[in-house]
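Report on one structure; see the data block that follows.
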Amino acid sequence: MTAQEQRLTDLAARDGTQPLIVIASNRGPFSFTPKDDEITVKRGSGGLVTALGALAERHEVLWVAAALSKTDRQWVEQNQDQVQNVEGVLLRLVRAPKARYEQYYNVIANPLLWFIQHQLWDIPRTPSITAETWKAWRNGYVAVNKLFAEVIADSVKDAHRPVIIFPQDYHLYLVPRFLRELLGDGVQIQPFIHIPWPGPDAWRVLPKEIRLLILQSLLASDRIGFQTQRDAFNFVQCARFYVPDAHSRGSRDTVYYQDRTVHAKAYPISIDIEKLEEMAEEPQTRLLKAQMINFIGDNKLILRVDRIEPSKNILRGLEAFREMLDNHPEHHGRVQMVALLVPSRMEVSEYQDYLREIMAQAGLINAEYSDDYWEPVRILVGENYHRAIASMQLYDVLLVNPIADGMNLVAKEGVLVNQHDGVLLLSEHAGAFYELGDDALIVSPFDVYSTAEAMHQALTMPAAERQRRAEALREKVRGAGVRSWFHHQVEDAMRALNHQARNASTS
Ligand code: ADQ
């Protein structure tokens with residue numbers, strides 16, 4: 001435990017007000033699989049789950065998530081829709097009717113909200129808000145958010161102690177307002193938004209009614225967490241522009257709306273430092289690392305690790321690599337690009353097309369430049385976290401060039417585990433830029449030429465400079481892990497609860 005985390009724990013203990021912490025997210029912390037006649041439970045591996053593990057040691061934590069699979073639904077039925085203690089975490093799954101869930105997830109949350117917030121439009125053609133979209137909004141997104149709020153309210157009604165609710169991300173924007181209607185002002189509501197929050201112009205593609213409902217709902221919170229100050233500032237601007245009677249009174253991080261003062265605050269997410277360092281030494285990682293060393297040979301390694309997702313800008317990354325080979329032939333036969341890509345949303349045709357284009361682009365580069373001994377690009381598709389961590393230890397250059405990204409954890413994982421004084425090439429539009437920008441080489445994700453030049457600069461950078469940058473980056477990442485990310489949020493909510501309690505006792 002870091003000194004900071006210890007201080008936060010002590011603070012909570014001194015207060016004597018151990019709250020019930022509620023996390024609400026679309027995807028839950030456990031996956032359920034059928035085995036013989038039983039259902040077995042496996043803990044997920046995301047950062048949120050990790051942060052929760054540490055939190056659950058000190059607080060009572062209730063996690064409310066959607067039942068996603070058939071087995072999830074069976075588990076809910078077996079437990080009669082009640083809260084269950086699973087490995088020390090109280091868990092309740094929300095069973096939304098399948099058709100409504102489809103509309104919420106596959107029509108509104110992912111194709112519409114995600115695309116708006118990453119600004120991925122081909123604006124003359126998309127988005128097209130049709131009758132189907134409106135139906136999906138009302139019957140899907142609104143209904144599932146309402147159901148989430150009802151399940152949360154039902155689960156905390158007998159808590160008899162302070163309650164802090166953390167709805168996660170763009171799936172649950174309407175939960176704060178429904179919760180406020182159901183639970184009143186006595187609970188702290190503090191959503192966290194993992195993806196970028198763009199300025200007012202990006203939101204103009206949404207119909208006024210939908211835009212307003214989202215903003216008004218978020219303004220029913222006590223505090224809203226964002227990855228960066230820029231996102232928080234953009235939210236304040238959106239509230240000022242689009243919500244009648246919302247004011248910021250010159251503030252960059254506070255909105256005054258109706259009787260409420262709502263803080264927009266940056267809590268930059270991070271990684272589980274201890275777990276990653278352990279994992280880097282595991283036998284499976286060592287084996288995959290040896291394989292990768294064998295594959296790279298004497299070449300320098302340019303690595304990228306991403307979900308197959310247009311916002312990650314994988315195609316322009318390949319174009320830049322090609323341009324670097326064009327402009328700097330001295331790297332021929334001496335550099336290997338490896339892209340580790342996890343399939344994502346493969347049921348969506350745009351994502352399938354994106355993967356096809358990536359494979360075609362890599363094929364063209366290889367066709368043009370390969371010789372008997374050298375194939376410049378290797379794309380490995382599949383989810384293998386050990387392989388990702390093994391490869392991150394070896395890179396000379398890590399390419400992180402998203403068009404837009406809330407944070408980008410790969411940048412932080414990479415600089416933590418890398419053993420080659422590797423250079424980080426980082427997009428100015430990744431949230432990580434605000435923490436790591438000083439010691440990375442910064443690229444504009446659209447500027448293929450400059451990205452190619454930055455690759456060349458990284459490959460030819462003097463050893464002393466590489467070492468200085470890599471050490472500075474590692475230091476920064478080590479300074480703030482995912483546990484403190486959550487603790488800061490809990491600390492702010494607890495402070496507000498204490499303040500509320502003091503006001504109530506003096507009035
Ligand atoms: P993502 O965009 O999914 O989520 P990102 O920060 O890129 O998140 O992290 C992805 C995770 O998946 C990392 O831990 C990475 O190592 C792992 N991963 C990616 N490709 C992999 C591969 N090929 N094999 C194995 N593992 C792989 C959202 C936002 C981000 C934000 C996070 C957390 O879009 O901006 O940082 O949430 O808030």
Side-chain angles (χ1 to χ4, degrees), residues 23 25-27 44-52 109-110 113-120 166 168-171 191-198 225-228 230-231 266-273 275-276 279-280 284-285 288 292 303-314 317 338-346 351 355 358 378-393 395 398-418 424 426-427 429-436 445 477 480-482 485-486 489:
I23 297 164
S25 63
N26 179 62
R27 184 174 291 278
S45 59
L48 205 56
V49 180
T50 304
L52 168 86
N110 283 327
L113 299 178
W114 171 279
F115 269 62
I116 287 176
Q117 295 189 237
H118 291 83
Q119 301 188 64
L120 292 173
F166 295 102
Q168 301 296 304
D169 230 357
Y170 59 102
H171 310 94
F192 181 81
I193 295 161
H194 291 255
I195 63 176
W197 191 282
F226 296 91
Q227 300 275 24
T228 68
R230 182 192 170 122
D231 298 308
Y267 300 96
I269 200 167
S270 193
I271 52 176
D272 186 344
I273 293 162
K275 197 174 123 200
L276 258 175
M279 206 175 157
Q284 199 178 342
T285 317
L288 290 159
M292 191 54 83
L303 178 72
R304 74 172 309 139
V305 180
D306 284 295
R307 280 189 302 108
I308 299 168
E309 154 67 57
S311 65
K312 302 289 182 185
N313 209 21
I314 301 163
V338 173
L340 304 181
L341 305 178
V342 191
S344 168
R345 302 180 194 163
M346 278 297 139
Y351 285 68
L355 174 57
I358 290 166
R378 178 63 64 95
I379 310 271
L380 297 172
V381 175
E383 182 155 18
N384 184 339
Y385 195 54
H386 281 92
R387 184 169 64 192
I389 299 304
S391 310
M392 285 178 198
Q393 294 177 54
Y395 68 77
L398 179 65
L399 178 60
V400 178
N401 66 327
I403 290 167
D405 217 334
M407 176 55 65
N408 195 295
L409 295 177
V410 172
K412 293 190 171 183
E413 292 165 336
V415 303
L416 181 77
V417 302
N418 182 259
L424 174 63
L426 182 61
S427 160
H429 299 311
F433 163 79
Y434 294 91
E435 289 169 273
L436 307 181
V477 171
V482 72
W485 170 72
F486 225 136
Q489 294 174 72

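A quick note: this is a predicted structure, and the numbers were derived from the prediction, not measured. One-based numbering, in listed order, for ligands and for the atoms of each.
Here is the list of ligand 1 atoms found below 4.0 Å of a heavy atom in Trp114: 34 (O).
Here's the thing with Ala388: none of its N/O atoms is less than 3.5 angstrom from an N/O atom of ligand 1. When only interatomic distances are considered, the shortest N/O to N/O separation between Val410 and ligand 1 does not fall below 3.5 Å. Close N/O approach between Gly406 and ligand 1 is found [any backbone or side-chain N/O within under 3.5 Å]. Considering both main-chain and side-chain atoms, Gln227 comes within under 3.5 Å of ligand 1 through a nitrogen or oxygen pair.
Residue Arg387 places no heavy atom under 4.0 Å from ligand 1. In this structure, Lys312 counts as a contact residue of ligand 1, since one of its heavy atoms falls inside 4.0 Å of the ligand. The shell of residues lying under 4.0 angstrom from ligand 1, judged by heavy atoms, excludes Phe192.
Among Glu383, Met392, Arg307, His194, the residue whose heavy atom sits closest to atom 33 (C) of ligand 1 is His194. In the candidate list Asp405, Ile195, Ile193, Leu409, Asp405 is nearest to atom 35 (O) of ligand 1, counting heavy atoms.
Using a 4.0 Å cut-off between heavy atoms, Ile271 makes no contact with ligand 1 at all. Only the side chain of Ile269 comes within 4.0 Å of ligand 1, counting heavy atoms alone; its backbone N, CA, C and O stay farther away. Residue Leu341 touches ligand 1 through its backbone alone, judged by heavy-atom distances below 4.0 Å.
More than 12 heavy-atom neighbours from other residues, nucleotides or ligands sit within 6.0 angstrom of CZ on Arg307.
Remark: side-chain polar atoms of Gln117 are paired, donor with acceptor, to backbone N or O of Pro196 under 3.5 angstrom.
Rounding to the nearest 0.5 Å gives a distance of 4.0 Å between NZ of Lys412 and OG of Ser270. Distance check: Asp231 CG to Ile193 CD1 gives 8.5 Å after rounding to the nearest 0.5 Å.
The protein atom (non-hydrogen) at minimum distance from atom 14 (O) of ligand 1 is Glu413 OE2, 2.6 Å. Of the protein's non-hydrogen atoms, Val342 CG2, 3.7 Å is the one closest to atom 27 (C) of ligand 1. Among all protein heavy atoms, the one lying closest to atom 36 (O) of ligand 1 is Asn408 N, 3.0 Å. Atom 17 (C) of ligand 1 has its closest protein heavy atom at Tyr385 CE1, 4.2 Å.
Donor-acceptor pairing under 3.5 Å is recorded for the side chains of Tyr385 and Glu413. Side chains of Trp114 and Glu309: a donor on one and an acceptor on the other come within 3.5 Å.
Taking the six-membered ring wherever Trp is involved, the centroid distance between the rings of Tyr170 and Trp197 does not fall below 6.0 Å. Phe486 and Phe166 have their aromatic ring centers within a separation under 6.0 angstrom.
Counting protein heavy atoms under 4.0 angstrom from atom 11 (C) of ligand 1 gives zero. At a distance under 4.0 Å, a protein heavy atom can be found next to atom 21 (C) of ligand 1.
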